[in-house]
Protein chains: 2
Amino acid sequence: MSRNQESKMKILSTASTLFQKQGYHATGLNQIIKESGCPKGSLYYYFPEGKEQLATEAINRTKDFAAQELRNLFSQHDDVIKALECFFGQCLSFNPKIAHDGIPLALISLETWHMSEQLRLACKNAYEELIMILREKFIQSNWPPEEATEMAYLVFSMIEGGSIFVLTYKSNESLKRICKSIIELIKLKQKEIRRKLRNEL
Amino acid sequence: MSRNQESKMKILSTASTLFQKQGYHATGLNQIIKESGCPKGSLYYYFPEGKEQLATEAINRTKDFAAQELRNLFSQHDDVIKALECFFGQCLSFNPKIAHDGIPLALISLETWHMSEQLRLACKNAYEELIMILREKFIQSNWPPEEATEMAYLVFSMIEGGSIFVLTYKSNESLKRICKSIIELIKLKQKEIRRKLRNEL
DNA sequence: GTCTATATGTTGATAGAC
DNA sequence: GTCTATCAACATATAGAC
């Protein structure tokens, strides 16, 4: 790989981190190039459409990274409940002071949905992919497609909402409670589903 | 009420709306005074500490407004499930294009938690008050305090997360699904709680 | 491809006349 | 209390030498 592509990757990874933590508007291009150590000229060379293009590619990068991690994590457990417990453990192991990987997209999505169709669609696309991964896991555990879809959306909305509390409270406590409740509720729901399945047989 | 206080209120209400929709960094003081119709001199007369003070008071205003509405809504139903169904109906009746009252705080909280302790605490305080209102409603419906706390956090995190989807997707569909699932899960949990209570008697 | 210098606009904030 | 003029600092973006 040429030296140029290395510069592009450096800019992109720095931008991803900063956009996730500080948001779109609070992150200046000057800060990005300064922290990446790359020359400013390179930024507009690799991202000629400027900030919006850079943010779009940063979102896609974040999505790819998260999707890969999620798939990898889920491949280690057959049962969806075990997989989610593992996933939640991962979420909770992050220190709120340094990591905010729980909400890689919430902030930039809330900031930009009304002003940039390009960024909104990038976020939407990212959410859809991540949710589908979880949905597939429910289906693998014999959940009916309809219930799998519903629960996947539910779990993701709780993670997003719970992550907001983590940062606002600067504490993991509420997310811990939330994850515990989710697992409990999923188990309740799974019992109901299996009972229904037995009755249908 | 003097004319001055009227100017202050006008600035504050305009600021609240803009901060909620566009966020903290995307909303300039110039835009606020322009849309409020008030003179710029008034802004620094009433909010001498500038943007941060204005945002803090805007958050508190939003919190008071939301808390009052929630209390009013909940007072109309004795049962917490009926109350929540009514609340969700209210949430879903908002058009995503014009209203974003579902997430009055998520955006500004995610934007500012790491850079302003004053704003973070204002958001935290707001969340706590709203969650306690819901918790009280669960307790009124004979939920044990521990379970009431857990479920209140859970419901709010789902609403926050679900609202992110509403805006990102520009559609109510996912929030509808989420609300439906929440109600269903609460009913399941309530059955379990009542069974436990009967066993203890 | 890299880097500097700069153009152009907007931000939050202030000073001072009225 | 109101309003104007203005500040310095920041933003995104560009032009052109090397």
Side-chain angles (χ1 to χ4, degrees), chain A residues 1-59 107-108 111-112 114-119 122, chain B residues 1-59 107-108 111-112 114-119 122:
Chain A
M1 190 175 282
S2 57
R3 209 164 77 252
N4 29 335
Q5 285 296 340
E6 207 176 300
S7 252
K8 181 175 182 178
M9 287 306 157
K10 201 102 180 59
I11 291 173
L12 201 53
S13 92
T14 307
S16 299
T17 305
L18 290 174
F19 282 144
Q20 284 171 45
K21 175 174 178 183
Q22 306 179 339
Y24 183 78
H25 291 105
T27 303
L29 299 183
N30 291 320
Q31 188 187 11
I32 293 173
I33 60 112
K34 189 179 164 193
E35 294 198 15
S36 73
C38 296
K40 184 159 186 176
S42 303
L43 198 155
Y44 279 96
Y45 178 79
Y46 290 113
F47 306 93
E49 291 162 46
K51 194 180 190 180
E52 199 176 1
Q53 183 191 0
L54 178 56
T56 305
E57 296 197 27
I59 291 167
L107 174 52
I108 198 167
E111 268 186 300
T112 60
H114 62 96
M115 52 158 277
S116 162
E117 197 64 359
Q118 188 182 140
L119 290 173
Chain B
M1 188 176 285
S2 59
R3 207 163 82 254
N4 28 334
Q5 284 297 342
E6 206 176 301
S7 251
K8 182 175 182 179
M9 288 305 157
K10 200 101 179 59
I11 291 174
L12 201 53
S13 91
T14 306
S16 299
T17 306
L18 289 174
F19 282 143
Q20 283 171 45
K21 174 173 179 183
Q22 305 179 339
Y24 182 78
H25 291 105
T27 303
L29 298 185
N30 292 320
Q31 187 188 10
I32 292 173
I33 59 112
K34 189 179 164 193
E35 293 199 14
S36 73
C38 295
K40 184 159 188 177
S42 303
L43 199 154
Y44 279 96
Y45 178 80
Y46 290 113
F47 305 94
E49 290 162 46
K51 193 179 190 180
E52 199 176 1
Q53 183 191 0
L54 178 56
T56 305
E57 297 198 26
I59 291 167
L107 174 52
I108 199 167
E111 268 187 300
T112 61
H114 63 97
M115 51 159 279
S116 162
E117 198 64 358
Q118 187 181 140
L119 290 174

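All chains are named by letter (A, B, ...) in the order of the sequence lines, taking the proteins before the strands, and each is independently numbered beginning at 1. All values below come from the heavy atoms of this structure, side chains included, with hydrogens, waters and symmetry mates left out.
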Touch check for Gly28(A), heavy atoms < 4.0 angstrom, all strands: base, sugar-phosphate only, or nothing? sugar-phosphate
So what does Gly50(A) touch, heavy atoms closer than 4.0 Å: a base, only the sugar-phosphate, or nothing? sugar-phosphate
Rounded to whole Å, how long is the line connecting atom [atom1] of [X] with atom [atom2] of [N]?
X	N	atom1	atom2	answer
Tyr44(A)	dT12(D)	OH	P	7 Å
Phe47(A)	dT14(D)	CZ	P	16 Å
Gln31(B)	dT11(C)	CD	C1'	12 Å
Ile33(B)	dA13(C)	CD1	C1'	13 Å
Lys34(A)	dA11(D)	NZ	P	10 Å
Ile11(B)	dT2(D)	CD1	P	8 Å
Gln53(B)	dA13(C)	CD	C1'	14 Å
Lys51(B)	dT11(C)	NZ	C1'	8 Å

For the side chain of [X], starting at C-beta, report the closest nucleotide among [options].
X	options	answer
Tyr46(A)	dG1(C), dG12(C), dT12(D)	dG1(C)
Ser7(A)	dT14(C), dT2(D), dT2(C)	dT2(C)
Tyr45(B)	dG12(C), dG1(D), dT12(D)	dG1(D)

Restricting to nitrogen or oxygen on both sides, can you table the protein-nucleotides 5-10 of chain D pairs closer than 3.5 Å?
none

Scan side-chain atoms only and decide if His25(A) and Glu111(A) contain a donor-acceptor pair under the 3.5 Å cut-off. yes
Quick one about Glu35(A) and Thr14(A) (side-chain donor to acceptor, distance below 3.5 Å, no hydrogens or angles considered), yes or no? no
Is any side-chain nitrogen or oxygen of Ser42(A) closer than 4.0 Å to OP1 or OP2 of dG1(C)? no
Cation-aromatic face contact Lys8(B)/Phe47(B), 6.0 Å, 45 degrees: yes
Rounded to the nearest 0.5 angstrom, the CD-CD distance for Gln53(B) and Gln118(B) is 7.5 Å
Evaluate the side-chain proximity of Asn30(A) to Lys40(A): yes if any heavy-atom separation is below 4.5 Å, no if none is. yes
For residues Ser42(B) and Ile11(B), determine if any side-chain heavy atom of one lies less than 4.5 Å from a side-chain heavy atom of the other. yes
Between Gly41(A) and Thr27(A), who's closer to the 5' end of DNA chain D by nearest nucleotide? Thr27(A)
Minimum heavy-atom separation for Gln31(B) and Leu18(B), please, with both atom names. NE2-CD2, 3.9 Å
